Amino acid sequence: MSITHPSFGTLDDDRVIIFDTTLRDGEQSPGFSMNLNEKIRMAEALTELGIDVMEAGFPIASIGDYEAVKAIAESIGQRDESPVICGLSRTGREDVLRAADAVRPAQRKRIHVFIATSDLHMKYKLRMQPDEVVEATIAAVGLARQHTDDVEWSAEDGTRTDPDFLCRCIEAAIKAGATTINIPDTVGYAVPEDMARIFTMIRERVPGADKVVLSTHNHNDLGLAVANTMAALRVGVRQIESTINGIGERAGNASLEEAVMAIRTRPDAMPFKNNVNTQNILRTSRLLSTITGFDVQPNKAIVGRNAFAHEAGIHQDGVLKHASTYEIMTPESVGWQKNSLVLGKHSGRAAFRDKLNALGYGEIGANQLNDAFRRFKDLADRKKVVFDDDIVALVDDEVMRDHERIRFVSMDLYAGSKGPARAELELAVDGVTKQAVATGDGPVDATFKAIREIFPHEANLVLFSVGAVTEGTDAQAKTTVRLEEKGKLVDGQGADTDTIVSAARAYVHALNKLLVKRVRTEPQALSA
Ligand code: KIV
Ligand code: ZN
């Protein structure tokens, strides 16, 4: 029987709603904080990707979260083709009202209310009795329904919840007005058989379960998040919650690109449809890596550098004769483009722009394009051949710096075996250029001291690593710097043909991320 949903109307039986939580569950994982502009850029890319519901944040968690959800609801949420904009909320009255306020400007809006239902969580975390959890569910869902017809209720730690109690809570949530029921595998403990058992039970036992959308939300602690998501789909679930690149708490969430491509590649096993424009997958993945500074591993399915690379001679031979011998989907279907154009110092802006498109950077704005092009010309003067990896490093470095409070301007360095190293550094802080000169035990020490002089802070340097982007002595260095402040860790990346400049850029990037993190971890800040 088809379901009539307040945001989507009558849903065909085979329609799967793609709920993206990159900006909420994904963003709350260590090192992945984004500032407002970065969230808006990501939200634009997710909209172009064609997701159905965008969980834009957890409005009560921090001022930053509230403002981001509101800004997304005000901009993207008011367009005709917008996804449903969703805000997360615990069951408290203040939480629900805050979420309602943040999503209000959107044409289609959802409040997502969650509460833990497992014995373990109720007893030790919530310190609530089961009856109180049911009461809280009814009150919160009812309140949310006063603000929007589209209300999702989640049973946190649902897969470890007593089945009878889970059914009781779901029934209460549906009666109170929930239109989507989500069962998270919060700690990534479930196996695919659990999905079949739990959702079949819900469909058989809970009155009204056939009138709402059932949803699955899987964490990847055992590497089973996508498998569990697929298992849930096969037993009647019609909303999947996932994130780009699988980012999220601990080992992350089910990866959106893997789930969507599994459905698309295996219609025989998963005969479902969704609205994702798969050709946009790579660029969305790249944008997220660029913004957060975390690349996916080379062998990551769909979006990893090696996902469509064939190394073994037999494989290469097979692919050349007939691609489907070793390729189960085409690289182009997820946004990879064949492009052998090599750039050099005579290449113009149009060729550079084409190259960026081919590399999945279609989202880059005009200012960043100009800055990146200037840096590319500079690099091409210093380096004989500019490889794709050089451009990726350079653009990432440029895009990451957009909207940052502290920006690297220039530096001079005096180092050698005869005495202390000396760094003369220029940074722009909130648009004001500042200089410092510092000496230190080696060039890196001197540089980092100069940064500290310009922008005093207490963070400790806990990791410093340098690698080459490509081969050769003229290769760019890519540096990672990890800073720690009050137990919070942030990673920054920088790239340059000069190793120390790349280190300075990485340190400044980490510092900027720390500033975002400070706002997100103000005393009242929370995560789900
Ligand atoms: O994993 C989880 O339980 C969650 C809920 C807040 C939906 O993210
Ligand atoms: Zn989660």
Side-chain angles (χ1 to χ4, degrees), residues 1 3 16-17 19 21 25 88 90-91 112-142 144 151-242 249-250 253-254 259 528:
M1 192 177 76
I3 296 167
V16 174
I17 294 168
F19 177 109
T21 184
D25 211 325
L88 183 68
R90 293 171 304 182
T91 50
H112 175 187
V113 175
F114 77 98
I115 188 162
T117 51
S118 66
D119 289 344
L120 207 60
H121 279 233
M122 288 191 293
K123 183 166 172 200
Y124 295 107
K125 189 185 80 174
L126 296 179
R127 296 189 185 178
M128 284 168 83
Q129 293 300 320
D131 284 352
E132 293 174 307
V133 167
V134 176
E135 289 311 313
T137 293
I138 295 170
V141 171
V151 174
E152 172 169 337
W153 177 81
S154 281
E156 192 190 6
D157 207 18
T159 53
R160 293 195 301 169
T161 295
D162 170 72
D164 291 340
F165 185 61
L166 186 62
C167 288
R168 183 178 161 206
C169 290
I170 296 172
E171 186 175 348
I174 295 173
K175 279 204 181 112
T179 46
T180 299
I181 297 292
N182 180 43
I183 310 298
D185 183 31
T186 303
V187 291
Y189 178 75
V191 294
E193 287 71 18
D194 294 328
M195 295 291 137
R197 180 178 46 78
I198 292 169
F199 286 105
T200 305
M201 171 192 76
I202 294 170
R203 295 181 73 195
E204 284 173 0
R205 285 183 48 187
V206 179
D210 56 336
K211 308 258 177 348
V212 297
V213 173
L214 297 179
S215 167
T216 189
H217 173 117
N218 296 301
H219 281 268
N220 206 27
D221 300 65
L222 293 175
L224 291 171
V226 174
N228 286 339
T229 302
M230 296 300 113
L233 277 182
R234 285 197 293 271
V235 289
V237 162
R238 288 295 175 269
Q239 173 176 284
I240 62 179
E241 303 200 353
S242 52
E249 283 284 355
R250 306 179 310 281
N253 289 62

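Fair warning: this is a prediction, and the values are worked out from it, not measured in the lab.
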State, yes or no, whether a side-chain contact exists between [X] and [Y] at a heavy-atom distance under 4.5 Å.
X: S242; Y: N253; value: no
X: F165; Y: D119; value: no
X: F19; Y: I240; value: no

- Are the charged groups of R127 and E132 less than 4.0 angstrom apart, N to O? no
- Message: Before you tell me yes or no, could you show the steps for V213 and T179 under side chain to side chain contact (heavy atoms under 4.5 Å, CB included), namely the whole-Å CA-CA distance, both residues' side-chain angles and the distance that decides it to 0.1 Å?
- Response: CA-CA 6 Å; V213 173; T179 46; over 6 Å; no
- Taking the side chain from D194 and the backbone from I198, do they hold a donor-acceptor pair closer than 3.5 Å? no
- Counting only N and O atoms by type, is there a donor-acceptor contact under 3.5 Å from the side chain of R250 to the main-chain atoms of D221? no
For [X] and [Y], which heavy atoms make the closest approach, and how far apart are they?
X: G236; Y: R203; value: CA-NH1, 3.3 Å
X: C169; Y: V134; value: SG-CG2, 4.1 Å
X: A144; Y: V113; value: CB-CG2, 4.3 Å
X: V187; Y: R160; value: CG2-NE, 3.5 Å
X: N220; Y: A225; value: OD1-N, 3.0 Å
X: S118; Y: T161; value: N-OG1, 3.2 Å

Rounded to the nearest 0.5 Å, what's the gap from [atom1] on [X] to [atom2] on [Y]? Could you check?
X: M128; Y: E135; atom1: CE; atom2: CD; answer: 9.5 Å
X: T137; Y: I115; atom1: OG1; atom2: CD1; answer: 5.0 Å
X: Q239; Y: S215; atom1: CD; atom2: OG; answer: 3.5 Å
X: M122; Y: E156; atom1: CE; atom2: CD; answer: 12.0 Å

- Give the intermediate values and the outcome of side chain to side chain contact (heavy atoms under 4.5 Å, CB included) for residues L166 and I183. CA-CA 9 Å; L166 186 62; I183 310 298; 4.2 Å; yes
- Assess whether atom OH of Y189 is packed by more than 12 heavy atoms of other residues, nucleotides or ligands within 6.0 Å. no
- Message: Would you say NZ of K125 has more than 12 non-hydrogen atoms from neighbouring residues, nucleotides or ligands within 6.0 angstrom?
- Response: yes
- Could you tell me which residues satisfy salt bridge (Lys or Arg N to Asp or Glu O under 4.0 Å) with E241, sequence neighbours excluded, listed by chain and number? none
- Item | Residue pairs involving residues 161-171 (criterion salt bridge (Lys or Arg N to Asp or Glu O under 4.0 Å); sequence neighbours excluded) | D131-R168, D164-R205, E171-K175
- Positive for side chain to side chain donor-acceptor pair (under 3.5 Å) with H217, one of D25, T21, D185: D25
- Task: Would you mind telling me which of I170, N182, T180, I138 makes a side chain to side chain contact (heavy atoms under 4.5 Å, CB included) with W153?
- Result: I170
- Taking the six-membered ring for Trp, are H112 and F114 parallel (under 30°), tilted (30 to 60°) or perpendicular (over 60°)? perpendicular
- Message: Walk me through whether M195 and N218 qualify under side chain to side chain contact (heavy atoms under 4.5 Å, CB included).
- Response: CA-CA 10 Å; M195 295 291 137; N218 296 301; 3.3 Å; yes
- Query: Yes or no on side chain to side chain contact (heavy atoms under 4.5 Å, CB included) for T216 and V237, after CA distance, side-chain angles and deciding distance?
  - Reply: CA-CA 7 Å; T216 189; V237 162; 3.9 Å; yes
